[in-house]
Amino acid sequence: GEISEPLKLAICIPEGTTESENHLKTDEWFTRDQNIACERIAHGISRIMDLPIADPFLVPIDVSLYPAYAFLVDYPIDLNTIKKRLENNFYRNGDAVLFDVFHIAKNAEKFYKEGSIIIIQAQLVTYLCSTLTMYGKVTDLIQLHCELQQRREKGIVDIQPETVQILEDWNILCKR
């Protein structure tokens, strides 16, 4: 299916850097060394996995509890699988990582009711993971959180009222 509007958003480039020095090219990693890139992204994903908003996406959906999931979602993926793939240098380039990362939100949008909090959580997790993957120098979750807040304040991200608590909890966690 088509990627939803919130996921089509352009990712902010961190202040003080240029797109050419940070943006992932379609057929490569940020460094010449795949091991360094995979290690950096895996470490960042580990930090994202510690956030409460990531809890629903840590492990594969149990299809014995949710049998419809297997019929509705054609490419199941979770953060632990992505992290293990990075640790084992499974991905050939950054686009392959992004493919998996974007499926976290796409799968939530397919399976859960439109407007539900879990979809918003999936979009936030996808934002963090995709930004971490796309920009070689971005490793600070607080910085990523601030960028998301700026985007929300500018009206770029559609945030529903029930998301305010998620963002407040996220803000507190990121300041630890």
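Keep in mind it's a predicted model, so treat the numbers as computed, not measured.
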Checklist entry - To the nearest 0.5 Å, how far apart are CD in Glu109 and CD in Glu114? => result 9.0 Å
Checklist entry - Can you name the nearest heavy-atom pair linking Ala122 to Ala108, along with the distance? => result CB-CB, 3.6 Å
Next on the checklist: Checking Glu39 now: which residues fulfil salt bridge (Lys or Arg N to Asp or Glu O under 4.0 Å) with it, not counting sequence neighbours?
Outcome noted: none
Checklist entry - Would you say the side-chain atoms of Ser130 pair up with the backbone N or O of Tyr127, donor to acceptor, closer than 3.5 Å? => result yes
Next on the checklist: Please give me the minimum heavy-atom distance between Asp55 and Met49, naming the atom from each residue.
Outcome noted: OD1-O, 4.5 Å
Next on the checklist: I need the Gln121 CD to Thr126 OG1 distance, nearest 0.5 Å.
Outcome noted: 11.5 Å
Checklist entry - Can you tell me how far the OG1 atom of Thr133 sits from the CG atom of Asn93, to the nearest 0.5 Å? => result 11.5 Å
Checklist entry - What are the two closest heavy atoms between Pro52 and Pro56, and how far apart are they? => result O-CD, 4.2 Å
Checklist entry - Given side chains that start at C-beta, do those of Lys113 and Ile118 come closer than 4.5 Å, heavy atoms only? => result no
Item to check | Partners meeting salt bridge (Lys or Arg N to Asp or Glu O under 4.0 Å) with Asp100 (sequence neighbours left out) | outcome: Arg85
Next on the checklist: So Cys129 and Ile41, do their side chains get closer than 4.5 Å, heavy atoms only?
Outcome noted: no
Item to check | Set of side chain to side chain contact (heavy atoms under 4.5 Å, CB included) partners for Tyr66, sequence neighbours left out | outcome: Ile61, Tyr69, Phe111
Checklist outcome for this item: Here the gap from Lys106 atom NZ to Ile104 atom CD1, rounded to the nearest 0.5 Å, amounts to 12.5 Å
Item to check | Val73 reachable from Phe71 in the ILVMFWY side-chain graph, under 4.5 Å edges | outcome: no
Checklist entry - For Val125 and Ile53, which heavy atoms make the closest approach, and how far apart are they? => result CG2-O, 3.8 Å
Item to check | Nearest-0.5 Å distance, NE2 of residue His43 to CG of residue Leu86 | outcome: 13.0 Å
Item to check | Matching residue for Asn107 among Asp78, Ile119, Ile77 - test: side-chain contact (heavy atoms from CB on, under 4.5 Å) | outcome: Ile77
Item to check | Test side-chain contact (heavy atoms from CB on, under 4.5 Å) applied to Arg40 and Leu132, step by step | outcome: CA-CA 9 Å; Arg40 181 190 60 77; Leu132 176 71; 3.8 Å; yes
Item to check | Spacing of CG belonging to Leu58 relative to CG belonging to Leu51, to within rounding of 0.5 Å | outcome: 10.0 Å
Next on the checklist: Are the side chains of Phe90 and Lys84 in contact, using a 4.5 Å heavy-atom criterion?
Outcome noted: no
Next on the checklist: Does any part of the side chain of Glu87, heavy atoms only, come nearer than 4.5 Å to the side chain of Cys38, both counted from C-beta?
Outcome noted: no
Checklist entry - Sub-3.5 Å donor-acceptor pair from the side chain of Ser116 to the main-chain atoms of Tyr112, do we have one? => result no
Checklist entry - Are Phe99 and Tyr91 close enough that their ring centers fall under 6.0 Å? => result no
